[in-house]
Participant: 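Shown below is the structure under consideration.
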There are 2 protein chains.
Amino acid sequence: MKYAPGQKMNRNAARTLAAFSETMFILLGEKEFDKITVNEICQRCDYPRATFYNYFDDKYDLADYCWYQLSKDIHLDIVQASPSNEALLSVFDEAFQLFSTQRDLLNRIVVHNPIDSPLITHFLNHFTRAMTSILADCLTQRQGHTPLSLVAQYYANTVLLVLKWVFLGQHDTTLKEARTYLEELLTKPF
Amino acid sequence: MKYAPGQKMNRNAARTLAAFSETMFILLGEKEFDKITVNEICQRCDYPRATFYNYFDDKYDLADYCWYQLSKDIHLDIVQASPSNEALLSVFDEAFQLFSTQRDLLNRIVVHNPIDSPLITHFLNHFTRAMTSILADCLTQRQGHTPLSLVAQYYANTVLLVLKWVFLGQHDTTLKEARTYLEELLTKPF
DNA sequence: TCAAAATTTAGACAGTTGTAAAACCACAAA
DNA sequence: TTTGTGGTTTTACAACTGTCTAAATTTTGA
């Protein structure tokens, strides 16, 4: 990604980025990510290949931008204020909400890209990273020996695991049920 | 992987597979996975490219075989007998043990392949999958609403998270400390 | 409005990928 | 020995990748 996300950019660049990411979303609903070529993306949205490489390093980079686009509308700043344990649940709810609104898109993608495929892994990693950094801010003061970043990653992992189950595993689960799963995983003694 | 792992194979095929995986291990200690080409692998171990594709689909496939090789010596069958909660800890110990014996190799790999790189992700996925299926067998009867496979994935994730922290995050952590982290994560109310 | 600066585009390039057909080889059965 | 079979290797191929240069175009700001 040659442009930092969120950076000021002129109308043209914004349009170009949008065209590429929209095309990628369409193609992801049609075929496996591995089978999508940069050539194909460029043909579809009628931009020269050189322009693609002007904005992105490779197609993974474009995918990253797609995930960023997907989640940029979500407002996770409210979370910051709440205490640790509530923060976790509101982050979960926010993310659940986001994934819900994108359910059709996710379904289409998952048809061609199995849950263990590089693409889905890449997708989940993106959100896990984002959520880890959000949670790391919430969990500033904690007792115990476990390093903070480990705890943050643990919570992010677990939240994303449930979301993955619900939205990528093709399970029709309500928010309430999903919350139950999450709380059970986090609190149940092993 | 055209040969099922563990399948009977003649001496020649075994030697070829070994040559490829050894070469991969060497190269991983020298440079980033993305920068390693099939050509390079073949030059190094002096096999024609067609032979590579005779055995593997692509370099990720070879990497998979490498992880398999790495872990094939470990005996996780003992675990099956123990009750759920102990099973988890003995799986952790076994894996910790395995990673310890390969610490040098892992260090070398991590120098060139950052912890978020596709290679390391691939590596961790491999072990997470393996551990999930082992744990799914241990956790046959459980109370609660959470689906079994979700629980198994949760435990596998958490175990691998700690192992990743210790062995790929360049932290000098003893088994005892690592166990403390794991138990704290699994038992601490959130 | 105009010229300089920046960005986009066309075209070409070397290197890589994965596949396919045919030649090749080792080994065993006839 | 001959023949057949299965696997290996050679060679060739079409397509893709990422980079580069130079020309075209757009944007900027004086």
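Lettering of chains follows the sequences in order, A, B, ..., and the numbering in each one begins at 1.
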Participant: Take atom CZ of Phe56(B) and atom P of dT8(D), then tell me their distance rounded to the nearest Å.
Facilitator: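 After rounding, the reported distance stands at 12 Å.
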
Participant: Where the side chain of Thr51(B) meets the backbone of Asn54(B), is there a donor-acceptor pair that is under 3.5 Å apart?
Facilitator: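 No.
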
Participant: Should Leu168(B) and Phe123(B) count as side-chain neighbours, where that means a heavy-atom distance under 4.5 Å?
Facilitator: yes

Participant: Write down the distance between CG (Asp61(B)) and P (dT19(C)), rounded to a whole number of angstrom.
Facilitator: 11 Å

Participant: Whether Asn12(A) contacts dT27(D) is assessed here as follows: a side-chain N or O lying under 4.0 Å from the phosphate OP1 or OP2. Is that the case?
Facilitator: yes

Participant: With the side chain of Val38(A) defined as its heavy atoms from C-beta on, choose the nearest nucleotide among dT17(C), dT17(D), dT8(D).
Facilitator: dT17(D)

Participant: Is the shortest side-chain N/O distance from Thr51(A) to OP1 or OP2 of dT8(C) below 4.0 Å?
Facilitator: no

Participant: State which of dT10(D), dT19(C), dT8(D) makes the closest approach to the side chain of Arg49(B).
Facilitator: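 The listed nucleotide nearest to Arg49(B)'s side chain is dT19(C).
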
Participant: Using atom OH of Tyr53(A) as one end and atom C1' of dT21(D) as the other, report the distance to the nearest whole Å.
Facilitator: 17 Å

Participant: Give the rounded distance in Å between these two atoms: CG of Asn54(B) and C1' of dG18(C).
Facilitator: 13 Å

Participant: Across the strands shown, which category fits Tyr55(B) at heavy-atom distances under 4.0 angstrom: base, sugar-phosphate, nothing?
Facilitator: sugar-phosphate

Participant: Any idea which of dG18(D), dC16(D), dT8(D) is nearest the Asp58(A) side chain?
Facilitator: dG18(D)

Participant: Out of dT17(C), dT9(D), dT9(C), which has the shortest distance to the side chain of Ala50(A)?
Facilitator: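 Side chain of Ala50(A) sits closest to dT9(C).
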
Participant: With Glu40(B), which of Lys31(B), Arg49(B), Lys59(B) fulfils salt bridge (charged side-chain N to carboxylate O under 4.0 Å, His left out)?
Facilitator: Lys31(B)

Participant: Is the side chain of Ser90(B) donor-acceptor paired with the backbone N or O of Glu86(B) at a distance under 3.5 Å, no angle test?
Facilitator: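 The answer is yes, because a donor-acceptor pair under 3.5 Å joins these two groups.
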
Participant: Counting only N and O atoms by type, is there a donor-acceptor contact under 3.5 Å from the side chain of His122(A) to the main-chain atoms of Ile120(A)?
Facilitator: no

Participant: By nearest atom, which of the nucleotides dG18(D), dT9(D), dT16(C) is closest to the Thr37(B) side chain?
Facilitator: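 Closest nucleotide to the Thr37(B) side chain: dT16(C).
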
Participant: What's the CD1-C1' distance between Ile36(A) and dT17(D), to the nearest Å?
Facilitator: 16 Å

Participant: For the side chain of Pro48(B), starting at C-beta, report the closest nucleotide among dT10(D), dG18(D), dT17(C).
Facilitator: dT10(D)

Participant: Find the distance Lys35(B):NZ to dT19(D):C1' and express it as a whole number of Å.
Facilitator: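 Atom NZ in Lys35(B) sits about 13 Å away from atom C1' in dT19(D).
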
Participant: I need the CG-P distance between Asp34(B) and dC16(D), as an integer number of Å.
Facilitator: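 One finds 20 Å between P of dC16(D) and CG of Asp34(B), rounded.
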
Participant: Write down the distance between CZ (Arg15(B)) and P (dT8(D)), rounded to a whole number of angstrom.
Facilitator: 12 Å

